[in-house]
Amino acid sequence: MNKSMIRYLLAKLLLIEAMLLCVPIVVALLNLKNDFVVKDSPTVFISLFATIAILLLLGGIGSFFKPKDFHIYAKEGVLIVALCWILWSFFGALPFVFSGQIPNIIDAFFEVSSGFTTTGATILNDVSVLSPSLLFWRSFTHLIGGMGVLVFALAIMDNNKNSHLEVMKAEVPGPVFGKIVSKLKNTAQILYYLYLALFFLFVIIYFCAGMPLYDSFIIAMGTAGTGGFTVFNDGIAHYHSTLITYLVSFGVLVFGVNFNLYYYIMLRKFKAFFGDEELRTYLMIVGVSSLLIACNIFHLYHNFADSFEMSFFQVSNVITTTGFGFGNTVDWPLFSQFLLLMLMVVGGSAGSTAGGLKVIRCLILARIGKNQIRSMLSPNRVMTLHINGSSLDKDTQHKILKYFVVYTLIMIALIAVVSFDSNNFMTVVSAVFSCFNNIGPMIGTTDTFAIFSPISKLLLSIAMIAGRLEIYPMLLLFMPRTWSNR
């Protein structure tokens with residue numbers, strides 16, 4: 001194992017986080033939002049500068065001695081990814097602790113883990129306890145983590161070789177990783193250019209729709225990262241605007257699409273975009289689910305326009321694992337709550353900023369099941385599975401099946417542990433589904449995650465990171481054999 005390369009890269013990544021922490025300082029100096037209950041006091045500046053100093057010290061020491069061998073194998077790749085997300089979440093939480101706005105380190109770690117993993121779950125019952133700069137940093141973590149911490153790092157780091165391929169493969173969500181151009185760094189840069197272009201587009205759209213500039217940035221960061229942190233406790237409902245509600249619903253769906261498809265549009269390969277089976281399945285699920293729930297909750301709103309607006313908003317936010325708040329689903333019929341719970345599991349598209357199992361995996365699992373039934377009727381028939389006109393090899397199918405088994409077992413284990421904190425089955429299940437699938441709010445309750453014990457919050461924080469990294473990097477991190485030199 002190339003431990004010196006792990007140390008060197010992690011140190012470089014800490015220096016990048018120090019650079020990113022300068023952004024909330026600029027926000028505080030600009031004083032974009034001066035009507036907050038909690039102001040950007042000298043304590044806030046000190047907490048930010050203190051965190052930056054710690055990161056510069058640790059990053060400087062760690063990167064001073066360069067490794068002799070710069071090669072990264074699969075084992076080093078997954079360890080760097082897992083450790084980076086944990087370290088960034090821990091150090092990103094320090095400004096909240098130092099400023100006293102979230103004094104408990106476990107609570108702060110949960111909040112920032114939720115930010116970087118674009119989960120949107122919170123322990124804050126009232127977001128007004130945060131000053132403008134720290135509220136901005138909280139949502140800025142969505143923007144950074146949306147496309148991936150390591151993808152961002154590879155996009156700006158000096159690396160013309162493909163030696164970091166294993167790092168990107170371990171972080172990019174989906175069953176199959178593919179570079180869209182030959183050089184890895186160029187792939188990372190193209191993905192981030194697309195990502196940031198869409199982000200700024202939605203900042204402009206929200207501002208033109210009537211949001212204040214500060215709010216437009218916060219909501220656009222939550223949209224781009226499919227995270228869900230907002231400026232106010234009542235979320236998107238605060239703006240009392242049907243236009244904004246639909247814009248946010250549409251926005252999160254845009255970022256729930258595989259970003260490789262947007263690159264096809266840039267190349268004018270429209271057939272490849274519209275012919276993508278995952279995209280068509282994703283849109284079909286959204287449309288059908290929205291109509292079913294709208295009909296099921298019609299009696300609560302007595303108006304199809306209102307029921308569909310609420311239904312479409314919740315469906316688009318849940319399937320893309322965004323979790324923007326807009327009213328509550330406590331009084332919804334059980335059918336609608338169950339359907340949302342299933343959408344939590346499905347998630348968005350592979351290669352998007354959304355979490356969950358991913359639509360492509362669900363599509364492949366369904367076809368594997370169909371082939372299995374058909375093989376029972378025709379035992380001698382050779383069954384093939386096609387996605388987008390290409391045959392999917394047996395090895396990839398087995399990997400997806402294995403992933404689903406591991407995914408299910410971890411979900412059951414998490415539910416068993418967290419159940420010690422609550423006697424409400426729906427609360428426990430939706431809390432685990434929410435964190436592990438990077439969704440945010442719980443279904444069937446208006447409570448925040450403050451109701452759970454410190455142990456459960458720490459476990460759910462790790463679950464958020466594991467869910468964002470698609471399990472394996474976090475599992476391997478805690479296996480003794482991973483750290484051996486064999």
Side-chain angles (χ1 to χ4, degrees), residues 78 81-83 85-86 89-90 93 104-123 145 170 173 226-228 318-319 321-323 329 337-338 340-348 354-358 361-362 365 400-445 447-479 482:
V78 294
V81 169
L83 288 170
W85 281 75
I86 292 172
S89 297
F90 174 78
N104 186 292
I105 185 62
I106 292 178
D107 286 350
F109 180 72
F110 180 95
E111 199 75 14
V112 177
S113 298
S114 177
F116 278 124
T117 59
T118 71
T119 303
T122 182
I123 51 84
T226 57
V318 170
I319 195 170
T321 68
T322 307
T329 59
Q337 293 190 34
F338 177 76
L340 291 178
L341 204 63
M342 291 302 98
L343 292 177
M344 282 184 171
V345 175
V346 174
L357 193 59
K358 303 295 182 297
R361 280 200 184 96
C362 295
L365 286 169
I400 291 171
L401 285 169
K402 291 171 186 176
Y403 179 87
F404 181 68
V405 171
V406 173
Y407 171 91
T408 304
L409 291 174
I410 291 176
M411 290 273 275
I412 293 170
L414 287 169
I415 290 169
V417 175
V418 177
S419 64
F420 286 103
D421 274 355
S422 176
N423 290 324
N424 189 311
F425 181 74
M426 181 60 93
T427 298
V428 172
V429 171
S430 65
V432 171
F433 275 42
S434 177
C435 288
F436 196 49
N437 293 297
N438 306 133
I439 292 158
M442 294 177 281
I443 291 175
T445 179
D447 290 327
T448 68
F449 285 80
I451 64 174
F452 294 105
S453 68
I455 293 175
S456 289
K457 282 185 278 192
L458 187 60
L459 183 65
L460 291 171
S461 300
I462 299 299
M464 285 189 277
I465 298 174
R468 174 60 182 82
L469 301 180
E470 306 217 315
I471 304 173
Y472 293 127
M474 289 300 291
L475 283 181
L476 292 172
L477 179 65
F478 295 105
M479 292 179 65
T482 308

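If you read the sequence from its start, that first residue is 1, and numbering goes on from there. Remember, it's a predicted structure, so these values are computed and weren't measured experimentally.
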Within 6.0 angstrom of Leu401 CG, more than 12 heavy atoms from elsewhere: yes

Spatial distance of atom CE (Met344) from atom OG (Ser430) [nearest 0.5 Å]: 6.0 Å

Chi angles and distances behind the side-chain contact (heavy atoms from CB on, under 4.5 Å) call for Val345, Tyr407: CA-CA 10 Å; Val345 175; Tyr407 171 91; 3.5 Å; yes

Non-hydrogen side-chain atoms of Met479 and Leu476 separated by less than 4.5 Å: yes

Residue pair Ser453 / Asp421, side-chain donor-acceptor N/O under 3.5 Å: yes

Thr321 (side chain) donor-acceptor with Asn438 (main chain) under 3.5 angstrom: yes

Side chain proximity check, Thr427 to Asp447, heavy atoms < 4.5 angstrom: no

Heavy-atom side-chain contact between Thr119 and Arg468 under 4.5 Å: no

4.5 Å side-chain heavy-atom contact, Met464 and Phe116: no

Phe404 side chain reached by Arg361 side chain, heavy atoms, under 4.5 Å: no

pair Asn424-Val428: side-chain heavy atoms closer than 4.5 Å: no

Atom pair CG (Leu459) and CD1 (Ile455), whose distance is rounded to the nearest 0.5 Å: 9.5 Å

Heavy-atom check, side chain of Val406 versus side chain of Tyr472, under 4.5 Å: yes

Distance in Å, Leu365 CG paired with Lys358 NZ, rounded so as to fall on 0.5 Å steps: 13.0 Å

N/O donor-acceptor pair under 3.5 Å between Ser114 side chain and Phe110 backbone: no

Distance (rounded to the nearest 0.5 Å) between Phe338 CZ and Leu343 CG: 10.0 Å

Approximate separation, where rounding is to 0.5 Å, of Ile410 CD1 and Ile415 CD1: 12.0 Å

Glu111 side chain to Ile123 backbone, donor-acceptor under 3.5 Å: yes

Ser434 and its side-chain contact (heavy atoms from CB on, under 4.5 Å) partner, picked from Val429, Leu341, Ile439: Ile439

Inter-residue atom distance Ile451.CD1 - Ser456.OG, 0.5 Å rounding: 9.5 Å

Residues, nucleotides or ligands: over 12 heavy atoms within 6.0 Å of Tyr403 OH: yes

